[in-house]
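Just below is one structure, and these are the notes that go with it.
All chains are named by letter (A, B, ...) in the order of the sequence lines, taking the proteins before the strands, and each is independently numbered beginning at 1.
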Amino acid sequence: MINPADLLEPLAWSQSTILCLLVLLLPLFSFIVIAILPNTQAKASAWVGMFMTLIASIISVHLLIAGWQGAGIHSRVEWFSFGHLPPFTVGVLLNDPALLMLVVVTVISFLVHLFSTAYMAGDAGYKKYFGFLGLFTFSMLGIILADNVLVIFIFWELVGLSSYLLISHWNHKESAIKAAKKAFIVNRVGDVGFIIGLAILWSQFNTLDLEALKVLMQASTIENGQWIAGAHSVSLPWLTAAGICLFLGAMGKSAQFPLQVWLPDAMEGPTPVSALIHAATMVAAGVYLMARVFPLMSIDALTFVAIIGSVTAFMGAIAALAQHDIKKVLAFSTISQLGYMLMGMGVGAYDAALFHLFTHAFFKACLFLSAGAIIHALHDYAHRADIHFDAQDMRNMGGLRKYLPFTFIAYLVSTLALIGIPFFSGYLSKDALLSGAYAWADLMSERTLSWHYLVPDLGFITVVLTALYMVRQLLLVFFGDFRIADERSIEANIKVKDVPWVMKTALSILALMSFGFIWSLNPLNHSLSWFLSALKTPTILVPGMNGNWQNNLVELAEHNHMQVTVISVFMIVIGGLVAWFIYRPKGKYAINYFSRQGASNVWQWLSFNNWYLDEIYNDFIIQPIEVLSQKLQLLDTKVIDNFIDKFAIFNIILGHLTAWVDRNIVDGLVNFSVYFVGRVGLMTKSMQGGKVQSYIALAFVGILIFIFWIIW
Amino acid sequence: MVVLIEIPFYIFSGLAILFAGVILFTKNLLYGAFSLVGTFLCVAAIYVLAQAEFVAVTQLMVYVGGIVVLLIFGVMLTNKITDKGIITSSYNRFLGAIIAISLFVVLFYGILKINFGAVKGQSADMNNVNQIGVELLTEYLLPFEIAAVVLLIALIGSSVISGYKTKETDE
Amino acid sequence: MSSEYYFILAAALFCIGLAVIITKKNAVMVLMGVELVLNAANINFVAVNKNNLVSLDGQFFALFVIVMAAAEAAVGLAIILKLFKYYKTTELDKINQLKG
Amino acid sequence: MLNNYLLSIIIFLPLIAALVVAFIPGKFKGAFKYIALGIASLQVLIAIVLLSGYDASYAGVNHLNEFQFLENVPWFDIHLSSFGHISADYIVGVDGLNMSMVLLSVVVMLIGTIASWNIKTREKGYFSLLLLLNGAILGCFLSLDFLLFYLFFEFMLLPMYFLIGLWGGVRREYASIKFFLYTLFGSIFILIAMIALNLSVVDPAATAVEAGLVQEGQVVSNEIVEQVQQSLAAGQLSRENLVHTFNMVYMTDPANYIPGSIMDYKVMKVILGQEGRLLMFLLLFIGFAIKIPVVPLHTWLPDAHVEAPTPISVILAGVLLKIGGYGLMRTAFMIIPDGVGYYGWMMGLLGVISIIYGALNALGSKDLKKMIAYSSVSHMGFVLLGLASGTTEGVSGAVYQMVSHGVISAALFLIVGVIYERGHDRIIQNYSGLINKMPRYTIFTVIFFFASLGLPGFSGFIAEIFVLLGSFNSSVVNGFLPKWMTIIAALGLIFSAAYYLWTIQRMFFGKFFTKIEVSNDELTDLNTREYVMLVPLVILALLMGVFPSFLLDMINNSIAVFTDVIGQYGDIIQQN
């Protein structure tokens with residue numbers, strides 16, 4: 001038996017881990033500095049934030065280069081302890097995924113800072129914005145570095161907080177505040193699951209340190225349907241429940257079905273925030289969490305993850321089809337892509353999922369920042385043309401490639417990456433994912449026809465849909481005529497101005513990262529990617545696990561690879577062609593697009609309203625809870641209080657009753673006896689009338705009584 | 001023989017109770033006084049029937065001759081003579097009646113319960129005046145003397161009390 | 001003739017005398033009642049003595065009672081006279097000096 | 001030298017000051033608040049001295065000699081011939097269970113005193129009552145004699161009643177009477193249990209003296225105590241020599257129970273269909289549950305909070321509710337640990353119901369203060385859940401939650417006070433977009449709202465997460481609580497997020513407007529006095545959230561003993 005306390009000895013700090021801490025604390029420092037900066041120094045706040053994240057990025061890159069493919073580095077200290085339980089530790093656990101995430105987060109954060117200096121210029125909440133960006137970066141880095149599931153959860157929540165604060169940046173906008181609230185609360189729903197997951201692990205192992213958990217998990221056994229770890233045992237389903245519960249947390253943060261509803265609304269935040277938080281980093285935290293706890297997930301839990309992931313991928317893609325808001329399309333696309341990643345996790349394609357996380361982080365950030373650039377340009381345009389229109393609505397765009405050529409290129413590159421065209425990064429990662437999924441279905445179903453094939457099938461359908469909606473967006477935004485100018489007949493000399501160079505810098509770096517050769521020397525074969533070959537899929541350590549399962553999976557995936565590539569490229573082509581056919585410039589759809597209202601048929605409505613999830617939640621969860629809370633208020637005031645009041649009134653009545661009894665019966669008795677004595681006194685006094693005869697009479701009465709007494 | 005004694009007894013006792021009743025119920029003092037005389041006379045007769053001739057004579061002399069006269073004097077002295085007669089009223093009637101009747105009932109009951117057959121003694125000479133005289137001066141001499149003294153003292157005392165010239169009343 | 005008739009007569013006289021004492025307002029009448037009571041007592045003495053004439057103790061008691069009654073009447077009347085002088089009445093209900 | 005009497009000083013200092021205030025003529029009324037402030041600051045200083053002298057390695061709890069700063073003076077001893085003696089002592093001391101409470105209460109009292117600065121009516125009465133309350137609270141936390149504890153417990157009611165009833169809001173009479181009756185109702189149960197305990201427990205040391213085993217005035221050695229306990233168990237002691245005690249520490253030792261008494265461990269006497277000890281546990285639980293408060297005995301709280309003046313709400317939420325939890329630990333749990341396993345399930349369920357019910361009610365509240373009052377119900381539900389779990393982390397979490405809630409809810413009520421002072425209205429819907437008028441106020445509000453909804457980095461998170469972990473662990477460790485309770489309780493976190501965020505949305509964000517008659521100048525931002533109150537609370541909440549070991553190290557040993565004692569009975573229950 002393993003004593004958990006032995007696994008929790010403090011581990012010395014090395015140079016790398018101290019640097020990690022530095023990376024972690026720099027954004028926090030930025031937050032604090034900005035918080036205490038006076039309001040007049042708003043400009044300085046951007047510089048502080050940028051400077052800090054730049055340094056953090058440089059250190060991260062250094063760490064990545066130094067630590068890549070090294071043994072994981074783990075340093076920790078004791079944080080606090082409970083009674084005689086093993087101490088609670090906190091520390092830094094560096095491994096390859098963590099190093100990569102470190103770079104991704106710091107770099108994208110830096111680029112977003114850079115982009116924001118232009119995008120947010122002149123905003124009233126400029127200082128606040130950069131402060132919260134610092135806070136967010138800090139929390140996100142915390143998730144990445146933490147060696148302890150509880151500490152991950154702590155930063156998990158802080159990330160949620162900074163997301164809340166950034167979504168509600170424009171806090172005079174009702175919709176922004178509501179979106180922020182929704183994001184936080186929906187995330188909380190997932191977090192409850194996360195907490196339960198923590199509780200299950202804690203009650204089995206009495207520690208939440210990841211490394212210790214792995215050792216203890218491996219040492220735990222299954223006997224007679226009981227999952228036994230040391231002295232603790234619970235029934236077996238809790239083993240799977242632990243995995244599913246942890247995944248619930250990921251579901252919230254990564255916007256998986258059925259908790260994906262918050263992400264489209266979160267687009268109310270400033271666009272760079274959407275790029276950083278709601279596309280590249282925070283939403284990927286769920287995937288990263290799954291990667292961190294991957295060895296602790298049982299096969300059943302992973303299957304659940306795979307199903308949810310594939311369903312979300314499909315649903316998100318469908319929902320993206322009919323949107324008119326440029327950011328909404330990207331938001332649903334993000335949901336869909338996150339579904340891919342989690343599907344990858346679920347099917348055991350750990351490396352592919354992480355790979356997709358990284359590639360997606362860059363091209364989606366690029367897409368969002370491009371969208372931000374477009375919105376920025378259109379805002380500027382609206383200001384100069386002195387008209388009001390929704391700068392995010394694609395119905396008001398069109399033909400923008402003439403005005404924003406650089407943005408168009410960035411957008412194009414990242415779109416191609418997103419749909420998975422060969423030579424772009426998305427192709428590699430998506431291919432890996434799909435082959436993994438296909439292999440998993442083969443393995444699980446043992447090559448018989450079973451529902452397991454639905455998972456990769458949904459993935460393939462999503463490929464078509466992705467091509468469809470992205471090409472649609474590309475066509476509607478950059479091709480055709482500039483609809484708002486045409487419709488409002490704006491003078492031709494007022495043109496959309498190109499965006500400033502800072503934005504272009506950020507876009508170019510991100511777009512560069514979307515090319516396949518960055519990630520693999522052979523941009524056609526993901527298995528040759530330096531990334532995938534370096535990343536080792538950790539062994540699942542859950543007891544009762546067939547050790548060959550993962551190996552078989554890898555073999556099958558290799559075997560399926562070519563098939564999958566052909567099918568997916570074919571799918572993309574179909575999707576692209578269909579999109580071109582429907583949404584081509586001068587086509588029927590494009591011509592009538594400006595005056596298009598929402599959607600025209602049931603399917604479009606379903607898509608446009610994101611499967612009516614919001615309405616369903618509103619009607620079946622939020623409203624009932626509100627009603628319940630009102631009713632409980634009534635219960636409290638009308639029933640319990642009423643009961644108490646009635647009880648009090650009853651007591652008062654009882655009091656009056658006893659008072660009456662007191663006055664009339666108890667007091668009455670006393671009064672009566674007094675009265676009686678008084679009367680007797682009066683009587684005897686009257687007998688004492690000074691009349692001798694009366695005395696005699698009474699004397700005889702006495703004698704008589706005496707005689708009677710003697711005789712009888 | 002039995003009848004000879006019983007009939008006068010019933011007559012005299014009835015008369016005695018009758019006169020006593022008059023005293024009780026009359027409002028006129030003088031009627032009361034004269035009824036008292038009647039009662040005394042009847043009681044004297046009863047004494048005779050009970051073979052106490054000396055006591056009967058004494059009764060006549062002292063009561064009828066002395067006390068009643070004294071009482072009538074008292075009546076006269078304490079009331080203004082008017083033509084309406086000397087009227088007095090009574091009170092406590094109810095209480096008095098209850099006490100008297102219940103006492104009578106008690107006594108009557110007690111008397112009935114006594115078995116007088118057991119105390120029958122021997123009868124003696126019918127004339128016992130002589131015997132009284134002898135015994136009065138022999139065996140009861142001391143009480144006789146004391147009675148005399150008591151009478152004297154009472155006489156002196158009553159005249160002192162009723163005397164006019166007491167300082168306190170004058171002042 | 002049995003003694004109980006004497007006793008009953010005595011009892012009757014006693015009760016009447018008592019009633020007179022209690023009810024009459026006039027002091028002289030009360031005195032009369034007292035005399036009745038004494039007579040009743042005397043009847044008893046005499047009646048008791050009647051059955052045993054050897055000793056004559058009862059008659060002696062009766063005699064002494066008569067003597068005492070005379071003295072009592074004299075003193076009583078003297079007191080009544082004094083009371084009359086003091087209160088100007090012989091109605092006993094008016095004289096309630098003893099009232100508490 | 002003075003060190004030996006620190007606890008008495010900290011208790012009686014405010015009581016004496018209350019007398020002094022009461023006798024100072026009314027024309028010096030400006031001085032009252034300075035006196036109160038001085039006393040409260042002095043108490044904080046004393047508490048710091050206590051802390052510096054406090055040695056966390058002693059557990060205390062059920063060993064009288066492990067208590068620190070102990071003062072043990074006989075109070076009275078009545079000899080009742082055949083019944084034996086009844087004795088009470090003046091015992092005050094600190095251990096892990098109450099040290100944190102003392103620190104919390106001195107801090108909250110200081111804040112409460114500063115918050116009272118604006119009291120403008122009947123200052124003399126107010127400040128003397130406040131000082132009385134102060135002393136009674138500390139007395140309650142520090143007493144180790146049940147009679148003394150009960151005395152202070154009851155004594156708290158009086159100033160509280162008047163403070164709500166005289167300086168409160170519109171329905172103050174109703175609220176104060178409700179508060180008074182509820183608490184009195186509860187204390188009757190405590191009284192019954194106290195009497196039953198007194199009848200059942202002997203003071204072995206004093207009994208040794210009475211039985212002639214030791215000369216009076218001599219030190220009673222442990223051997224003698226054991227000898228007394230053995231002969232007590234064997235029934236060899238004459239009843240006349242038994243010294244019935246109120247000492248709560250003696251009550252924790254099963255050997256001190258008179259065989260055959262109501263509370264005896266071995267022979268369970270059945271009263272009202274319930275074993276005597278368990279019944280007494282239930283009585284104590286109900287008594288303190290009202291104070292905590294636990295649904296459905298909670299309705300005094302919203303009313304009392306809504307009607308009480310701000311400083312009194314602060315003290316009520318910050319300290320008074322904790323007496324319920326602390327009392328439960330010190331008396332019910334420690335004296336009758338066998339009851340925990342028996343009633344753990346029920347207590348856990350009530351805790352869960354409190355969490356959910358309080359949160360839902362907060363969601364439905366229209367009055368900001370009422371909402372926070374209900375959130376208190378919800379958060380105190382965690383205390384009950386944690387205690388009922390009987391696990392180390394659960395109980396530690398519960399204690400942590402008490403301290404954390406003390407700090408955070410005090411701040412929340414201050415925040416309500418700020419807006420009420422300016423707008424004379426607390427209805428959430430009557431305000432909107434306050435951030436535009438009062439940005440710094442909004443920042444503090446958001447900080448405390450997030451702290452209260454359990455955001456990591458603040459103390460509430462550590463408390464709640466460990467209560468949840470502990471309650472979940474309970475099913476594995478001792479079997480008190482089923483697993484689903486934790487799951488339901490965790491849902492409370494969602495609701496708490498919902499009502500706080502909804503409030504932020506409605507009151508603070510959006511466009512500025514008010515639906516009440518208030519001029520723009522009145523809605524000013526925080527002033528210096530308010531900063532002085534709020535900033536330390538932010539720092540405390542943050543420090544406790546980031547460095548939990550400060551508090552946990554203080555209580556760890558005591559909690560370990562605490563859970564061991566409970567755990568002994570848990571094993572028995574699990575076996576059954």
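- Of the listed residues D/Asp303, D/Thr563, D/Leu363, the one with more heavy-atom pairs under 4.5 angstrom with chain A than any other is D/Leu363.
- Between chain A and the residues D/Val446, D/Ile504, D/Leu455, the most heavy-atom pairs under 4.5 angstrom are made by D/Leu455.
- Contact annotation for A/Ile154: both backbone and side-chain heavy atoms come within less than 4.5 Å of a heavy atom of chain D.
- In summary, the side chains of A/Tyr164 and A/Asn187 do not present any donor paired with an acceptor at a separation below 3.5 Å, with no hydrogens or angles considered.
- With a threshold of 4.5 angstrom between heavy atoms, A/Leu201 does not approach chain D through any atom at all.
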Under 3.5 Å, which donor-acceptor pairs link side chains of residues 479-495 of chain D to any protein atom two or more places apart or in another chain?
unit_1	atom_1	unit_2	atom_2	d
D/Lys483	NZ	D/Ser475	OG	3.2
D/Thr486	OG1	D/Ser471	OG	3.0
D/Thr486	OG1	D/Phe472	N	3.2

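- Contact annotation for A/Phe88: only side-chain heavy atoms (C-beta onward) come within less than 4.5 Å of a heavy atom of chain D.
- If you measure heavy-atom distances from A/Glu174 to chain D, the contacts under 4.5 Å come from the side chain alone.
- Proximity to chain A (any heavy atom under 4.5 Å) is shown, for D/Ser432, by neither the backbone nor the side chain.
- Of the atoms belonging to A/Leu198, heavy atoms from both backbone and side chain fall under 4.5 Å from chain D.
- A search for side chain to side chain contact (heavy atoms under 4.5 Å, CB included) contacts involving D/Thr445 returns D/Ile415, D/Tyr441, D/Phe449, D/Phe508, not counting sequence neighbours.
- A/Ser233 touches chain D through its backbone: at least one of N, CA, C or O sits under 4.5 Å from a heavy atom, while the side chain does not.
- Side chains of D/Ser459 and D/Ser404: a donor-acceptor N/O pair is present below 3.5 angstrom, by distance only.
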